[in-house]
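Ligands are counted one by one from 1 in listed order, and the atoms in each one are counted from 1 as well.
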Amino acid sequence: MPVRPRVVVIGSGFGGLAAVGVLAGTGVDVVVVDRDNYHGFWPLLYQVATAGLGPDDIAAPIRAIHAGKPNVEVRMGLVCGIDPPARQVELTGGERLAYDYLIVAAGSSSADFGIPGVHRHAYTLKTLPDAVRLRNHVLSMFERAENNAVDGHPGAADLTTVVVGGGSTGVEMAGALSELISHNLAGEYRHLDVGRARVVLVEMTDTLLPGYSRRSQDAAVATLRQKGVEMRFATSLASVEPDGVTLKGGERIQAATVVWTAGVKANPLVGCLPGAKEKGGRTPVADDLSVPGHPEVFVIGDAAATRDRRGELLPQVAQVAIQGGRHAARQILRRQEGRPARAFRYRDHGTMATIGRRAAVAELPGGVTFAGTFGWLAWLAVHLVFLVGFRNRAVVLLNWAWNYLTWDRASRVILPEGTGPETTGPPAAHPG
Ligand SMILES: Cc1cc2nc3c(=O)[nH]c(=O)nc-3n(C[C@H](O)[C@H](O)[C@H](O)COP(=O)(O)OP(=O)(O)OC[C@H]3O[C@@H](n4cnc5c(N)ncnc54)[C@H](O)[C@@H]3O)c2cc1C
């Protein structure tokens, strides 16, 4: 019997999942390694952080996704090294997995740009534990403020959140948080003047949603302003302290919660691959998405510096990862058939961001834009279609319908944190 080549896929996010989808049922053996046992749908992470959805609603177990695919094996483990000359990846604990082909789809993590205090005091939003931690913290701060108010010492800072970064995650986070506060928390605290709660969004450019049309940007600013979100433009953080932030111009904002959505860097794992790294630590790839000098190694998604036909760096978004994953997998199958590799061509299907209830902006290729209710409905439909798992789609749809009719944000359980047997909370931050 001919030996079947082994493809190791690091990461089961958008890119890794798409790659395995192509390789399932073919003549190669696939081993998918992920540090988590689930595939996470990050575009809805802010809804977990703002109590609109529960963590399980936006995650699907990787084993369940690949059950029934005989040539796909799933391993839960943290990859800590790649050894291209030996064609092996190393897991923490020392185990090594040999590969004939490797697809690196390990995504990205938050970058703090060296700003003092971000790493220590700000909440990031890149993983499910991040979202649960942030939700816990915001709700706990309201509880603390209520207790202080009972004692006659209301603390306005406890009710203040600074969101840093006016990209889609920052806008979605600020919009949803202001709705949570004004429509849910406002009616539930007897001693607290929740009207004093502030959501302040800080953006270094002069508007929101960089990369969108001016019309969409203006719509986002107007909608957030209407929701009571304060905005500071053309300024950035000088530092984050335990009790707030200091802006470059000297303004100090006292806040118990700082959410950092401003920076992304490629997963440090790509440091194991040869070649000088590009902006944000992304690894350069050839036009077929393989690593120059290593045609058996492909890097896709957020970790790769993928370019379009004009040589422009593609954004770190889900569609780039999905299309890249499918392309890399197809090139492996072509190589197996002795056919030459093809260049990757990205198809832009457009981009969208939601700003809150019945408010979203959607931009399609060819300059077609939607805003308001229509944009919001388009956003709901697209996110439901791409969410993995029938159960998740059904639960999310039900949650959204319930929330729309009642304004209720039901996932407001404050979970204890920790990893020991004495607690049941989410695990500590990922090392990688
Ligand atoms: C809050 C948020 C909102 C977003 N909203 C949008 C949006 O609205 N639209 C859009 O298009 N894009 C959005 N994005 C970006 C989009 O999610 C990413 O571009 C996309 O996930 C990249 O896919 P990927 O496969 O490269 O990485 P990911 O999908 O992040 O997958 C990486 C996988 O690798 C695993 N992994 C990482 N390191 C290791 C390791 N060392 N060992 C083993 N496994 C590892 C991770 O557990 C994860 O499963 C958003 C991202 C975030 C964080």
Side-chain angles (χ1 to χ4, degrees), residues 8-20 31-50 58-62 65 74-82 89-92 97 103-110 123-131 134 163 165 167-173 176 209 211 259-261 263-264 266-272 280 282-283 289 298-304 306 314-326 328 348-354 360-362 379 382-383 386-388 430-432:
V8 171
V9 180
I10 305 175
S12 189
F14 282 102
L17 198 61
V20 177
V31 182
V32 192
V33 193
D34 201 292
R35 63 189 178 191
D36 296 317
N37 76 334
Y38 55 83
H39 161 87
F41 190 77
W42 311 140
L44 294 181
L45 211 47
Y46 79 95
Q47 296 212 357
V48 176
T50 54
I58 67 157
I62 298 169
I65 296 172
V74 176
R75 299 290 296 273
M76 182 174 162
L78 183 72
V79 177
C80 58
I82 303 171
V89 300
E90 187 179 350
L91 308 189
T92 50
L97 290 176
I103 299 178
V104 182
S108 55
S109 53
S110 289
Y123 285 77
T124 52
L125 195 59
K126 287 293 286 178
T127 66
L128 223 37
D130 283 351
L134 179 53
V163 178
S168 53
T169 301
V171 166
E172 290 173 341
M173 186 65 209
L209 299 178
V259 187
W260 175 260
T261 71
V264 165
N267 190 306
L269 207 51
V270 296
C272 304
R282 293 158 81 176
T283 208
L289 305 185
F298 295 83
V299 186
I300 57 164
D302 283 6
T306 317
L314 289 170
Q316 287 160 299
V317 294
Q319 270 302 323
V320 173
I322 292 169
Q323 294 179 33
R326 288 187 190 135
D348 184 4
H349 298 314
T351 173
M352 46 180 56
T354 175
V361 290
W379 182 92
V382 167
H383 284 73
F386 280 96
L387 191 61
V388 172
H430 286 295

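- Between the Asp36 side chain and the Tyr38 main chain, no donor and acceptor come within less than 3.5 Å of each other.
- Just one of Val31, Ile82, Asp34 meets the side-chain contact (heavy atoms from CB on, under 4.5 Å) condition when paired with Ile10; it is Ile82.
- Side chain of His39 to main chain of Ser12: a donor-acceptor pair is present (N/O by atom type, distance under 3.5 Å, no hydrogens or angles).
- Residue Met352 has no N or O atom closer than 3.5 Å to an N or O atom of ligand 1.
- Considering only residues two or more places apart in sequence or on other chains, Ala266 meets the side-chain contact (heavy atoms from CB on, under 4.5 Å) condition with Val270, Arg282.
- If you number the atoms of ligand 1 from 1 as listed, the ones under 4.0 Å from a heavy atom of Gly11 come out as 33 (C), 34 (O), 35 (C).
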* **side-chain contact (heavy atoms from CB on, under 4.5 Å) between Leu134 and Met173, worked out** => CA-CA 11 Å; Leu134 179 53; Met173 186 65 209; 3.7 Å; yes
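- Among the atoms of Arg35, some N or O lies under 3.5 angstrom from an N or O of ligand 1.
- Checked against a 3.5 angstrom limit, the closest N/O atoms of Asp302 and ligand 1 fall inside it.
- Considering backbone and side-chain N/O of Gln316, one or more are found under 3.5 Å from N/O of ligand 1.
- Counting heavy atoms from C-beta on, the side chains of Thr354 and Tyr46 come closer than 4.5 Å.
- Looking at Leu125 next to ligand 1, no N or O pair under 3.5 Å apart turns up.
- Atoms of ligand 1 lying under 4.0 Å from any heavy atom of Gly15, numbered from 1 in the order shown and given with element: 25 (O).
- Heavy atoms of Asn267 found under 4.0 angstrom from ligand 1 belong exclusively to the side chain.
- Ligand 1 places these atoms under 4.0 Å from at least one heavy atom of Gly13: 25 (O), 28 (P), 29 (O), 31 (O), 33 (C), 49 (O).
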* **Thr306/Leu289 under side-chain contact (heavy atoms from CB on, under 4.5 Å): CA gap, chis, key distance, verdict** => CA-CA 7 Å; Thr306 317; Leu289 305 185; 3.6 Å; yes
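- The distance criterion of under 3.5 Å between nitrogen or oxygen atoms is met by Val79 with respect to ligand 1.
- The backbone N or O of Cys80 sits nowhere less than 3.5 Å from a side-chain atom of Glu90 that would complete a donor-acceptor pair.
- Between Asp34 and ligand 1, at least one N/O pair is under 3.5 Å apart.
- Proximity of Ser168 to ligand 1 is not established, as no heavy-atom distance is less than 4.0 Å.
- Residue-ligand proximity, Gly301 to ligand 1, at heavy-atom distances under 4.0 Å covers atoms 26 (O).
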* Output, in order, the C-alpha distance, side-chain angles, deciding distance and verdict of side-chain contact (heavy atoms from CB on, under 4.5 Å) for Arg75 and Leu97. => CA-CA 10 Å; Arg75 299 290 296 273; Leu97 290 176; 3.8 Å; yes
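- In the vicinity of Gly77, heavy-atom distances shorter than 4.0 Å reach the ligand 1 atoms 42 (N), 43 (C).
- Residue-level proximity to ligand 1 for Ala318 is carried by backbone and side chain together, each with a heavy atom below 4.0 angstrom.
- From Leu45, atom CG reaches atom OG1 of Thr124 across 9.5 Å, with rounding to the nearest 0.5 Å.
- Within the listing of ligand 1, atoms 1 (C), 2 (C), 3 (C) sit less than 4.0 angstrom from a heavy atom of Thr169.
- The contact set between ligand 1 and Asp36, taken as ligand atoms under 4.0 Å from a residue heavy atom, comprises 47 (O).
- Between Leu45 and ligand 1, no N or O atom pair is found at a separation short of 3.5 Å.
- At under 3.5 Å, a nitrogen or oxygen of Trp42, whether backbone or side chain, sits near a nitrogen or oxygen of ligand 1.
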